[in-house]
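In what follows, a single structure is set out as structure tokens and then discussed.
Here the structure is a predicted model, which is why all the values come from computation and not from measurement. Here is how names work: the chains are called A, B, and so on, in the same order as the sequence lines, proteins then strands, and each is numbered from 1.
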Amino acid sequence: MKKIMNDPQNIVPEMVAGLVQAYPQYVERLPETEALVRHDKASMAGKVGVISGGGSGHEPTHAGFVGAGMLSAAVAGQVFTSPTPDQLYAAIKAADHGKGVFMVIKNYSGDVMNFDMAKDMADLDDIKVKSIVVDDDIAVENSTYTQGRRGVAGTIFMHKIIGAAADQGASLDELEALAKKVMPNIKTIAVALSGATVPEVGKPGFDLADDEIEYGVGIHGEPGYRKEKLQPSKALVTELLGRLKDEFKYQAGDHFAVLINGMGATPLMEQYVFTNDALNQLAADDINVDFTKVGNYMTSLDMAGISLTLFKLEDDAWLKGLQYPVDTIAWTQK
Amino acid sequence: MKKIMNDPQNIVPEMVAGLVQAYPQYVERLPETEALVRHDKASMAGKVGVISGGGSGHEPTHAGFVGAGMLSAAVAGQVFTSPTPDQLYAAIKAADHGKGVFMVIKNYSGDVMNFDMAKDMADLDDIKVKSIVVDDDIAVENSTYTQGRRGVAGTIFMHKIIGAAADQGASLDELEALAKKVMPNIKTIAVALSGATVPEVGKPGFDLADDEIEYGVGIHGEPGYRKEKLQPSKALVTELLGRLKDEFKYQAGDHFAVLINGMGATPLMEQYVFTNDALNQLAADDINVDFTKVGNYMTSLDMAGISLTLFKLEDDAWLKGLQYPVDTIAWTQK
Amino acid sequence: MTLTLEDTLKWLHGFDATVTAQKAYLSELDTPIGDGDHGNNLARGAAAIEDALGKQEPADLTAALKTIAMALVSKVGGASGALYGTAFLEMAKASRETQEVADLLAAGLAGLQKRGGATTGEKTMIDVWAPVVAAAKAGNLTTQVIDDAVQATKPMKATKGRASYVGDNSIGHLDPGSVSSGYLFSEMLKAGVTA
Amino acid sequence: MTLTLEDTLKWLHGFDATVTAQKAYLSELDTPIGDGDHGNNLARGAAAIEDALGKQEPADLTAALKTIAMALVSKVGGASGALYGTAFLEMAKASRETQEVADLLAAGLAGLQKRGGATTGEKTMIDVWAPVVAAAKAGNLTTQVIDDAVQATKPMKATKGRASYVGDNSIGHLDPGSVSSGYLFSEMLKAGVTA
Ligand SMILES: Nc1ncnc2c1ncn2[C@@H]1O[C@H](COP(=O)(O)OP(=O)(O)O)[C@@H](O)[C@H]1O
Ligand SMILES: Nc1ncnc2c1ncn2[C@@H]1O[C@H](COP(=O)(O)OP(=O)(O)O)[C@@H](O)[C@H]1O
Ligand SMILES: [Mg+2]
Ligand SMILES: [Mg+2]
Ligand SMILES: [Mg+2]
Ligand SMILES: [Mg+2]
């Protein structure tokens, strides 16, 4: 393992300290936590707070999306480990400005339980808390009898939509209704070229041979559904987009937003080549792509790979939500 | 070599096509070139055009910085190979709005010669062209008898400063004077954890053992000045900042901007840990850091590593230039 | 048998030592069917418990159980932090009414089930807690009961927790949280707490 | 001897074939002291020359040299694209006045020096072009002269081009641009063009 770090045990607090020192205009650290709250307090006044959080190792998620038009606060857990409820509770308190707090939770049992516990704590303060559990990863079989699907890169779109609506004054109930309508329309699938190495573990979560890739991996080294020989970008698109197509059963003329997400060690050059193939294929299928974003947004430490997210824009307001002004470290637009 | 691509020979045009498809609101492709011009034509009217370009493999540089407040156009050469003069000439023509064009060139003999040839072509059209050669990499010995120092990550700061001044109506001569004053105040040095693999070559430009790093590498696989065992982040900062300190001979109370740049395969988490150590050390030296940016800006394909750039803010206007609004794919701020 | 403050401290010191020693093994178990952090998570928890017990010197059983719960809740994170934290919190609450070991463990189990929504057979720590509580109630908890319960998770297919993401591929692996729960109860017996 | 259209085409076909065959070797030479692309750059140039000459069927020597120059300028990039492109452009210009091989090569060399600002001893292709032009002028250009010039770049320390960034470490390596220039002149001789 070759990483730029000091003691692996301190990697999260040191990372958070670096982030706050670099971007004090965006984020402030809540005392004795790895919870970061928006610096621009005026932008939160009178609005529902929006918080998210989860294990670290997915940077710029989540702290990179704290700012006007997106998250009010974010909490960084240990690497790949959901944050503790006391820190989430601190974030809820900092994000509440009298209108309650909406939580965006990725569907992992640890995350769900810790956010739940934080909500229980906030209940005692009479802070109203609602939430959405993001489960966009179609690599995993869906079933009400199981944990269900994982929350991965599509979470960014949820942050954006909810952040924009909250900024425009939506109530907690309205945000909940919006999130519930949006969620089934966001779907993601990934392919890995290499595994991710957790600093404290020191070796990759899974191994791939020099010419091997794996479809359907998660963002914590969770193995996927198939290994095969390295394929050209076009073939990767055929496989990943094919799965998304099957899920959405999309039709010519449908409108979508697209997120192409690098997993951490994959250069932008490769991401753009993949983007070209994906957008060409979508155009060939007569799909209208109204919004595209390409880059490292929901990473998995030093994993090489890419994920493809489609967001079906069933409602015009959703596109407006994506286009709505936002000012954070990792996503800024006018 | 494991890369997401199709035919390595087409990686640059495919990448450019992906970029343009993803972000038509920012860039347009000039016909039959890998030259991209700003979509927002109104933002260029009556102003000096600013162009840059160079070999590909440094994404988001250069196309990612095309937009209001930064570059008017950018040209992508083959991987690690400077663009051809005809394409640079096309970019000059597209960027010229009657006030001439300023070129930001990184100091490589290929780049300098090809930009020179493009200028010769533009001369025949009576387009006024001036330029700055960026040579911020202090790993290389400086001497008037040699090629001099390489242009690396500090180029981003030059783009920003010149782009902001051009947007505010500076003349070609004023831009040249500004660039000349700024250039000696930008200095960079890098460390690599792994080499970069050029797609058409298929193996890394240099090899490092599993526990080895190399100080002073360039952004094209140019070897550095010393290999040693992997060090903690704090020690990397001591070495790299130490070299910059020697160059600047900085004093307590001096004002600097800082760019911490990931080389392509280095996760943001590691970059922030390094940022924390660098900013702590600068604070201990009583240096005022007025502006910080952290991320993958001047990459070297899939190289793992990091570079540290210091920009001495001798003139208050330079900080204002960094803070000036900008709207590009890779750098947006209000 | 009733649980005393003294036994509780002895029990947890034993658990902390074992978890710390088995950190790498627990994370390894979590790698093929999880995210490889269970050992690190619990080692962090063990250190936090030791730290908290050292600093706070709890006056009675309830205080001790609560101190343990808070250390777990605030330092572990992940599924196991919420689960073990909740279990000890519920045990702390129950300890104001009863110090009977079987009843306390039953309260912990109820908390676990409420928090995680899992039942037996889903390849989670419930598959160790449930038989242990049953045996404790029947007055015949042995290391054999514990070990059997742990081993029984191996052929199960996970339907809760991270391991459920790998579906059928979870079959044939021990559940890491069950292994650590096994340590918890074995250390309880070693501390002289019988049930 | 004067350069004819026919010989020029033969010469360049030979050069293109050699460069294409030696692509990997040229890039390898460019790796320790450069950026590993010299072979790819010139192979791209060779393909472009073949393509352009095939499509345009130049009518005379000047047209042929210009076609070659434009192919190099617009398809190679990097230092070698600018340099070889400039050299052929200057040869094309000069060919309107003279077809004498030595004079044409001298015009090419002058263009190279103007474009790149290097003189002999800086470990660049100038170190092959300069002795070749001198020998051509003296009427005694041989493969020996060419090979010696190429080999002589090995002990030099680079002070121009990318290789200068590695300073003393450039010593002991052949200069890739000199090797490819060596191919250029050897292929000229092979095409029957003497000087
Ligand atoms: N819903 C649940 N109910 C009961 N136990 C669970 C549940 N989800 C996970 N677990 C237990 O937690 C263990 C994993 O803990 P750990 O690896 O520390 O957390 P995480 O899964 O967040 O990485 C599993 O082995 C399982 O025993
Ligand atoms: N200033 C210069 N003058 C003459 N030749 C040069 C100069 N700079 C570089 N060269 C030649 O160019 C060769 C490198 O070409 P190439 O690798 O294709 O371009 P790049 O250096 O841009 O990657 C060197 O080996 C050297 O012979
Ligand atoms: Mg975890
Ligand atoms: Mg090159
Ligand atoms: Mg785990
Ligand atoms: Mg080269």
Exercise for review: Report yes if some heavy atom in the side chain of C:Asn169 is under 4.5 Å from a heavy atom in the side chain of A:Pro223; otherwise report no.
Suggested key: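 Counting from C-beta outward, C:Asn169 and A:Pro223 never come under 4.5 Å.
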Check your understanding: Taking only heavy atoms into account, what residues of residues 77-111 of chain C are found under 4.5 Å from chain A?
Key ->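 Checking residues 77-111 of chain C against chain A gives C:Gly77, C:Gly78, C:Ala79, C:Ala82, C:Leu83, C:Thr86.
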Check your understanding: Could you give the distance from CZ (C:Arg44) to CD (A:Gln78), rounded to the nearest 0.5 Å?
Key ->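 Rounded to the nearest 0.5 Å, the CZ-CD separation comes out at 4.0 Å.
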**Study point:** Pairwise distance CZ(A:Arg150) to OG(C:Ser164) - rounded to 0.5 angstrom
**Key:**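 Separation between the atoms: 9.0 Å.
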Point to revise | Closest-packed option against chain A by number of heavy-atom pairs under 4.5 Å, given C:Asp37, C:Ile33, C:Thr31 | key: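 The candidate making the most pairs under 4.5 Å is C:Asp37.
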Review point. What part of A:Gln87 lies closer than 4.5 angstrom to a heavy atom of chain C: side chain, backbone, both or neither?
Key: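 For A:Gln87, there is no contact with chain C at all, as no heavy atom is under 4.5 Å.
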Exercise for review: Please list, in residue-number order, every residue in residues 112-120 of chain A that has a heavy atom less than 4.5 Å from any heavy atom of chain C; write 'none' if there are none.
Suggested key: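 A:Met113, A:Asn114, A:Asp116, A:Met117, A:Asp120 fall under the 4.5 Å cut-off.
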Check your understanding: Around A:Lys2, counting heavy atoms of other residues, nucleotides and ligands shown, do more than 12 lie under 6.0 Å from its NZ?
Key ->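 Yes, enclosed.
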Exercise for review: Name all residues meeting the ring-ring contact (aromatic ring centres under 6.0 Å, His included) criterion together with A:His58; count only those two or more places apart in sequence or in a different chain, and write none if there are none.
Suggested key: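 For A:His58, the residues satisfying ring-ring contact (aromatic ring centres under 6.0 Å, His included) (neighbours in sequence not counted) are A:Phe80, A:His220.
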Point to revise | Residue of the set C:Asn41, C:Asp35, C:Asn40 for which side-chain hydrogen bond (donor to acceptor under 3.5 Å, both in side chains) holds with A:Thr81 | key: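 The residue from C:Asn41, C:Asp35, C:Asn40 that satisfies side-chain hydrogen bond (donor to acceptor under 3.5 Å, both in side chains) with A:Thr81 turns out to be C:Asn41.
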Practice item. Would you mind checking which part of C:Lys23 comes under 4.5 Å of any heavy atom in chain A, side chain (CB onward), backbone (N, CA, C, O), both or neither? Key: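 Contact with chain A is through the side chain of C:Lys23 alone.
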Exercise for review: Counting only heavy atoms closer than 4.5 Å, note whether C:Val166 contacts chain A via side chain, backbone, both or neither.
Suggested key: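 Side chain only.
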Check your understanding: How would you list, by chain and number, every residue that makes a side chain to side chain contact (heavy atoms under 4.5 Å, CB included) with C:Glu187, sequence neighbours excluded?
Key ->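 Here the qualifying residues are C:Trp11, C:Phe15, C:Thr18, C:Lys190.
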Check your understanding: Minimum heavy-atom separation for C:Ser74 to A:Asp86, with atom names?
Key ->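 Result for this residue pair: CB-OD2, 3.3 Å.
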